[in-house]
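For reference, the structure discussed in these notes is given below.
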Number of protein chains: 2
Amino acid sequence: MEQEAVVTALAALAQDSRLRVFRLLVTAGPDGLPAGQIAEELAIAANTLSFHLSHLKAAGLVTMRRTGRSLIYAAEYGRVQAVIAYLTENCCRRQSCCDGTDEP
Amino acid sequence: MEQEAVVTALAALAQDSRLRVFRLLVTAGPDGLPAGQIAEELAIAANTLSFHLSHLKAAGLVTMRRTGRSLIYAAEYGRVQAVIAYLTENCCRRQSCCDGTDEP
DNA sequence: TCCATGATTCTAGAAATATAGAAATATAAG
DNA sequence: CTTATATTTCTATATTTCTAGAATCATGGA
């Protein structure tokens, strides 16, 4: 994963409403939730939520599909895992490791 | 970890220069690096770097200590792990899990 | 004490972001 | 075809963030 994409993903999550949306979708699992239900559960105006969902989608953190009139959003869990991998990779190359032990 | 602190940490990492600084410090390990060396390695102006380091420090992602005239910064690895835990907790409560298996 | 070095703080302007109201789009149902 | 529902897009404004230059602070050595 490239740094630019990681920054975009982190920026997408670095906002109160979006982080709440993402975490709600994480608990919802692969089936996801329609935008309207997200808006209701989190008490966010529909247009504002749409703005935030577009951020999350652009960052690859959620997917969208249509079912009838509803647009269903679901967390793209693998994307977060890639971001996490980027953050933690190459830990302590110049020193012993920082996970508590003193082994290199 | 509380959501507000998580948002602060994510926002601190959601910027190109700061993410590069943090990753450099991760590779440097617990001994950290002096600000001047970070500035040199990443080609960031001293005052700009100081601005970014203060963000990372406020977010709890780095620690600072003085040695002579140098201020040594080191990655606070545990903080990132707490953020990661917050992002990934409560995965798929309403559905079967999203890690590949179909178990709840 | 005086000077050099390492780093931060202050200030200001440019750029990006968040929010809300109004209007528009897509789908479904009568 | 008309209406209702679900959601997005447009527009404008308020706020935050990033960057750079100048000034300041802290430490160590001559």
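Being a predicted model, the structure only gives us computed values, none of them experimental. Chain letters run A, B, ... following the sequence lines, proteins first, then strands; residues in each count from 1.
Rounded to an integer number of Å, the gap from CD1 of I44(B) to P of dA20(D) is 10 Å. Atom CD1 of I72(B) is separated from atom P of dT27(D) by 14 Å (rounded to the nearest Å). Whole-Å rounding puts the L33(B) CG to dG6(C) P distance at 15 Å. Between the P atom of dT19(D) and the CG atom of L53(B) lies a distance of 13 Å, rounded to the nearest Å. Atoms CD1 (I38(A)) and C1' (dT7(D)) sit 12 Å apart, rounded to a whole Å. Spacing between atom NZ of K57(A) and atom P of dT8(D) amounts to 8 Å, rounded to whole angstrom units. Atoms CD (E40(B)) and P (dA7(C)) sit 11 Å apart, rounded to a whole Å. Taking atom CG on D16(B) and atom P on dT17(D), their separation rounds to 17 Å, with Å as the unit.
With contacts defined as side-chain heavy-atom distances shorter than 4.5 Å, the pair I44(B)/V21(B) qualifies. The shortest side-chain heavy-atom distance between I84(B) and T88(A) falls under the 4.5 Å cut-off.
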Working note: E76(A) + K57(A), criterion salt bridge (Lys or Arg N to Asp or Glu O under 4.0 Å); need CA distance, chi angles, decisive distance, verdict.
CA-CA 9 Å; E76(A) 187 69 32; K57(A) 191 151 67 77; over 6 Å; no
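Stacking of R65(B) on the aromatic ring of Y73(B) is not recorded, the 6.0 Å distance cut-off and the 45° axial limit not both being met.
Under 4.0 angstrom from either OP1 or OP2 of dG6(C) there lies no side-chain N or O belonging to Y73(B).
Between M64(B) and T67(A), the residue anchored closer to the 5' end of DNA chain C is M64(B), taking for each the nucleotide with the nearest heavy atom.
The closest donor-acceptor contact from the side chain of T8(B) to the backbone of E4(B) lies under 3.5 Å. Using a distance-only test at 3.5 Å, with no hydrogens or angles considered, no donor-acceptor pair links the side chain of R20(A) to the main chain of F22(A).
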When you check every protein heavy atom under 4.0 Å of nucleotides 1-6 of chain D, what one-letter string (B, S, -) results, 5' to 3'?
---BBS
In the 5'-to-3' direction, what one-character label does each nucleotide of nucleotides 17-25 of chain C receive under the scheme B = base within less than 4.0 Å of a protein heavy atom, S = sugar-phosphate only, - = no such atom?
-BBBBB---
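Within 6.0 Å of CD in E89(A) there are more than 12 heavy atoms belonging to other residues, nucleotides or ligands.
Taking every heavy atom of both residues into account, L13(B) and L10(A) meet most closely at O-CD1, 3.5 Å.
Between the side chains of Q3(B) and Y86(B), at least one donor-acceptor pair of N or O atoms lies under 3.5 Å.
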